[in-house]
Structures are given as C-alpha cells and as structure tokens.
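Each remark here refers to the structure printed beneath this line.
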Amino acid sequence: MTPRRLLSFGDALALLGGDPPAVAALDRALGGALNLATGGLSGSVLGMFDARGRVLGLGRDAWQGVGERLGRTDGRVERTRVLEAAHTVIVVLAFFDALESAELPFALDEVSLTRRDQLTVAGGRVTLAAGFTDTVAQVDAPRPAPHLPYEDHIAELHAWYGHLGARVQDFLQGFAVWERLDDTARDTAAHTVRTVVPRLAVEEYEALYARLALEAPEFGFWSGQVEHQATRAELRRALAGLETFLTASATLGRPPVDVAGALSRAHRSALDHRILDAQEAPEGIRMPTLAEAYLDPDFRVRAVDGQGSPADEEWWGRAPVRQDLTAYLAGALTSEGLTAAPLLVLGQPGAGKSVLIRILAARLPSAGFLPVRVALRDVRADDEIQDQIEQAIRDATGERATWPELVRSAGTAVPVVLLDGFDELLQTTGVHQNDFLMRVARFQEREAEQGRPVLAVVTSRTAVADRARYPQGTVALRLEPFRTEHIQLWIHHWNLTNAMNFQAMELPPLTWEAVAPHRVLAGQPLLLTMLALYQAAGNDLRGEDDRPLDEADLYEDLLGSFARREVCKDLRVPDGEVEQRVEEELERLSLVAFAMLNRRRQWVSTAELDEDLAALLGRASTPVSGFRAPLGRAEVALGRFFFVQRAQSIRDGQKLSTYEFLHATFGEYLAVRLAVRLLSGLLAHRPVLSMGGEPLNDDLMFALLSFAPLSSRQMLRFARARVERLPHEERETLARLVVRALGSGSCAPSSRTRRISRDVSASRAGTGSTARIWCCSRCC
C-alpha cells in the first residue's frame, strides 16, 4: 500500500485560507520546511525559533477561520481535507504556544547560531536538525480515530510531544545560550522542554480541539466526545444532525442523476420491507418493517494489528463494549481512515450484520455520500471489485452504469461501497477468497490515486475471520448480542405492531418475563424474532406450573412448531399424517446436524449434504416442476426454514451454497435428538433365542456416531433431558442394552452397515475409516 501523504503545515494553512504571501514568506524563513522541501537544512530549524511569532499568528488566524472555510466547502472529500488541515494547525499551534509560555532559564530569542555553532551543525548535527524540521513541518502526529478511546489518543499525542521536546533539547545542546547555563539551569531547561512543554501542549491542544468540535460535528464523532444516545428516536436525531451539516455543504442546484437517484430509492425502499417474509409469520400476525424493528446493537471495535485474530474471543477482550454505534459510524465515515482499508463488521449468524448494511445504505445522507450495497452472494465471486459493484448497481436499479461514470455523476458525494457477506465467499469457495480484503484495499488505493476516494465496509461472520488476510489499517467492529434494554424495547415495538392482532386472536402480548429465561437466544435479533413468532403461533414460552421451559423442551417445541407450520402449508397432507411428516422434517434436519458435527464445523455445503443424504437414505430425485431443475435433497431439507442460514456465492456461472443453523445449539439438539431416538429404538429388539445371542441392529447409529463424539457440555445436557423422558423401566432396559453393545466382542458390522459407512466415508473424504473408529469406540 502507498504510504499516507503527510499534510505539511504550509498545506494546512493554505487549505484554511491563509494569506498566500504571508505563508510564502514564512516558508522562505524556514528554508522551505513548510513545503516538504527541507533537504536536511539545519537553518530551517533555527528558522522555526526565529519565525515562531509568525507561526503562532498565522496558525491562530487559520484555525479561528475554520467555520467560515467549512461554509465555503464543496463536497464531503474537500470537507474532510479542511478538517484534517485544521487538526494539523492546532497540533503545531499547541506545541509552539506551550514552548512560548514555558518558563525557561533563557529567552527563545537568544537561540542563534555563532560561528562555532555553524561548524558544529556542519560537523554532524544535520540529522537532528532535519528530524526536528520534518516532524514539525510535516506533522505526522497521532490523529483521533473513531475506533480508539479519546484517552488513548491523548496519551499518544503526549508521547509525540515528548519526542518533539527531546529533539528540541538535542538541538539546543552545544549552542552558546546552552553553554552559558550552569548544571542546575541546564537540568531545569531539559526538564521543562522534555516534560513541562509536552504537558502544556496537550492541555492547549485539548482546549483548541474542544473549540473546533463546536465548529464541526465531525471532531466530536472522531474522538467519541458525544453523548451516548439511549433511544431510537435520539439515534435518528443524531443521523439527522449529520445530514444537516452535510446538506449545508453540498453543491446547491445540482441536477438529479438517474442512476444515483435510482440507487438511493432502492436503498430507502428497504426500510419499508418486513424483517421476514410474511409467509414466515402465523396467520394474522404482522411482521414489523425494517425501520420499525431496527435497533443499534452494542459493539466492540479494534484495529487489526497482527497480534491475534478477530475470530478469537480473547483478542476482543482488550476492546470495551460501546453503545454509540451511530456516533462511531458518523466519525468513521467522515474521517480518512476508511479510504485506505475497509471497516470489517463481524457478528454471529442472526446478529444483524446485513440489516446494519441495509440501514446504512438507506440512511446515509445523499448530500454527502453515495452508498452502493453489494450482496456478495449475488455477484460473481471471481470478478474484480469494480465488476461486482457494477453488477450490484444493475441488480438494484436495472440501469447499466460504469463505476467511474457513477462516481462522476454523483458530484461531490463520497462513494461508500458496502460489501455484505464476505463469509459466504469463504465458506463456499474455501481459501480461494482469503485475499478479498486485500483486493478491496487495492481497489481503494487505485481510486484514491484517480481522485475518487472511496469508503469501504465489509461484513462477515466472526467464526471465519481467521481465514482472511488483512491489509494494513484494517479496523474490525464486532456486533454484540442485545442487552436487556434492547430486548425489552424490541418486545415493546413488537407488541405495538400486533396489539390489535393479539386482541382479535385472544393472544397475550410477549413479555420480558417469558423471554428472560432464554436470554442467550434472545440476544440475537433474528432468534428473538423466532421466539416471538413461536408464541404468536399459540405456544407458551413457559411450561407447567408457569415455570420456564428448559432448553430441551423449548427446542423440541420450537423446532417442531416451525416444522408443523411448513407441513400444514401443503393442503394435500391428510390430518392423520401431519405428525408423521413433522417427524420426518425433524429427522432430515437431524441428519443435516450430523453432517456438520461429523465434519467438525458449523456448516456444510450443498454437495456434501446431498452425498450424505444419498448415502443414508438412498438416492432419490425430486419430481420436476415445470421448467425448474429438480431440487436436491439439501434444498428440500433446508430451504423452508428461516432458522437455517444459507450462504451462497456464484463461481464459474454456478451457485455454490453452504448451510448452517442460526444458533449452533439447534444443530447440537437435533443431533442428540436423533441419537437418543436411535438408541431407544434398540428397545424394540426382541431376540428369537432366549440366550440372546443375536447381534443388535445398530446400523444407522454405527454410521452416524463413528466420526465425532456427542461430548459437548450442552449436548450431554440435551441427552440427559431426552433420556429422562423415557419411563423408568425403559431406561433400565436401555442401559443394559447399551452396556451389552459396548461390551460386545464382535466388531464386525453388517453388510448394510459396511455399505452405509463406506458411502458416508466417501462423502467425508479425509475423515478416516468409519469401521475402524467405531470398532475402537466399542472395544474401549
């Protein structure tokens, strides 16, 4: 990546409208230091002392005119440059103010070169001089960043001022004014320059920064010095305030642009869409719109520094939980950081990553931004970033437009590319797309070189974040689960949306007391919606005696309820067969859970799942409906359930898909459910001979339980809950059968078991020999 060009003090003065002759005169006095042409001249350092009055005068005039300069600013990019210039000026101004006000044992006017000084400088002090000049003139000082706590920024700035003070002391040593001092005065001067001046400079900087924040809201957003908003109305007001100052700086009378306008309409229409398809809701229940249901979640944010991975929980431990997402995004999108590397938004399935992207696309003020949402699942995975963007524009608007044409037509608005679903590329194509973030950064670098700086945001599941390569400067943001206040507010809006429906259907409203025992599920917005739909279908989140359902009972009723609703949509199913069909749906979902479990990951591809189902159930095809190609078993098993998430990408013209449960415990429960059913099926074993020498028919158990143990703490709790449902006598009999099976001296599976195991092993290449693993588990 090309290093960020430093903004010189002279450039900053010019951007803020400084008097050109005065700036030029100052630059001449400093030996060209203001224009990045110091050439290692020691004279420019001495000039810094001689010309400090002009530095202070021009600097104060410049920063005091920031408000007026912003009023004349045309466009988001130029506004950002002006704000950077203002920050550069106050950094330099604060240091020289501190140096001027510090009590030194000599006057700064006494710093002048004697003949001996000149020889000393010529003999080896050029490096120190040039270093000081470069540091001050180019102002490579720490800058506030929305992802950093303000206190950390101040600490870094204090250290930078300390470094500058040390260079001043090094430069002064050996001059006549320094040699005239006694040891005590020298110690005092050294302490003042290295310690007191940096402290005074920070205090002056903070005062100047606070005044700048009154001139430009961005300064408050950059440093996080805005009040935390607690309600959705206040969050919207914050966005409205951002739009106000962006609109004020936009070009007036700009003619409407069709494609940009069409994109804006497409994005904003998403606010009126239901959070789930109406078919997912029980009859008579209204799904809220995106605008009605969206709440800003809590989040953590941290720069990716190569120390650890954003996929690890420990890595996030150093980042505090924040509650100011709107304010943070306002700061990130109005600073320069996202033009060099993307912001990576991470979260669990159902955490609201895609929803956040839709909200951003819809609510970013068109006066300052040009958002383009790219659903990576719907564009060709192997295409260049620009081609993917242009395909997304066409999909959203029906219009063909090249990227440069669109950016030019948007005038001064800053493009914001929102790339949603990086994890889908990783899951469906393996490591083939692990350099995607690097490609995004290279695209941004090229655009910046062409004078079209672009902001970029990428979303991904947290679990696959360790498979990506990160460009320098990447910042990761992780969405946190809803806290209690979020859940309560969401429930309030849900009940308001369906108040009349609940009354007409004689259903009680959803309450926090009913949801609280299932806090882990309710922390994810989509799973909270699932709980709400479950109760709206006439179910109760509380069991007998008004006690909360335990997890096993809740999952059984919850998953069974959604399966039953899907079965009942087919009016051809007789009433007497409904429960049997429901059980078949749950069994298929359980086989899906085993396909993930036995591969030791939380997702499975369509091809892998089709092979597993064919091996276990035999090959069968779905009848062709019209001109549609037959659906594979995987799509039949999973396509109907919104609690199963489908990741997708398009490669070489073909759709690649993977599936995973919205919550990992769904898959764990379903795997345990089927295992216990197969185990209890052994109770039907009735040997013909009383000696009981016939082998148990455990073929399917052999095939499913030979790859990975059901040993997680959650799965053992599910297993206990399921087994405890059996009558006591059956549990005793089952225990004896299990002991008999485990203690059997025969490890030879039946011919059918060998065929199933061979087919399943083939579909899970690299897992190992099924028979050998099962044999070992028996013999132990």
Side-chain angles (χ1 to χ4, degrees), residues 6-19 22-23 26 34 48 51-73 79-102 108 135-146 148-165 168 192-193 195-227 245 327 330-331 334-336:
L6 303 180
L7 187 67
S8 76
F9 187 58
D11 290 339
L13 293 176
L15 276 169
L16 295 179
D19 181 47
V23 173
L26 177 60
L34 290 185
M48 283 286 187
R52 67 186 185 280
R54 278 179 283 179
V55 170
L56 289 170
L58 287 174
R60 287 167 181 161
D61 290 343
W63 84 263
Q64 288 174 354
V66 168
E68 180 183 353
R69 179 67 181 85
L70 287 173
R72 303 195 307 270
T73 298
R79 183 181 179 91
T80 298
R81 292 288 289 170
V82 169
L83 295 174
E84 291 173 11
H87 184 264
T88 295
V89 167
I90 67 171
V91 167
V92 174
L93 194 59
F95 182 79
F96 277 93
D97 264 332
L99 195 61
E100 192 78 11
S101 61
L108 293 178
T135 304
V136 174
Q138 299 183 32
V139 199
D140 189 19
R143 302 185 185 188
L148 293 176
Y150 181 68
E151 294 76 14
D152 290 359
H153 164 62
I154 291 299
E156 288 186 32
L157 187 63
H158 185 275
W160 186 82
Y161 279 140
H163 173 70
L164 201 60
V168 170
T192 299
V193 172
T195 304
V196 177
V197 168
R199 175 177 56 79
L200 294 175
V202 167
E203 293 175 358
E204 180 64 16
Y205 167 85
E206 290 193 278
L208 294 173
Y209 193 97
R211 295 181 65 177
L212 279 180
L214 298 177
E215 300 281 353
E218 290 98 325
F219 281 113
F221 289 124
W222 290 359
S223 62
Q225 294 178 309
V226 292
E227 295 183 0
F245 73 76
T334 57
S335 62
E336 66 167 349

- Spacing of His158 atom NE2 and Tyr205 atom OH [to the nearest 0.5 Å]: 14.0 Å
- Message: Is there a side-chain contact between His87 and Val91 in this structure, where contact means two heavy atoms from C-beta onward sitting under 4.5 Å apart?
- Response: yes
- Message: On a heavy-atom basis, which atom in Pro198 and which in Gly162 lie closest, and how many Å separate them?
- Response: CG-CA, 3.6 Å
- Which residues pass the side chain to side chain contact (heavy atoms under 4.5 Å, CB included) test with Thr192, sequence neighbours left out? Ala102, Leu104, Thr188, Val196, Val197
- For Glu156, check salt bridge (charged side-chain N to carboxylate O under 4.0 Å, His left out) against everything at least two apart and list the hits. none
- Note on the structure: Nearest heavy-atom approach of Ala98 to Ala201 is CB-N, 3.4 Å
- Item | Inter-residue atom distance Tyr150.OH - Ile154.CD1, 0.5 Å rounding | 3.5 Å
- At what distance, to the nearest 0.5 angstrom, does CZ of Arg143 lie from OG1 of Thr88? 5.5 Å
- Item | Side-chain heavy-atom pair Tyr209, Leu157 within 4.5 angstrom cut-off | no
- Is Tyr161 close to Leu200 at the side-chain level, that is, under 4.5 Å between some pair of heavy atoms? no
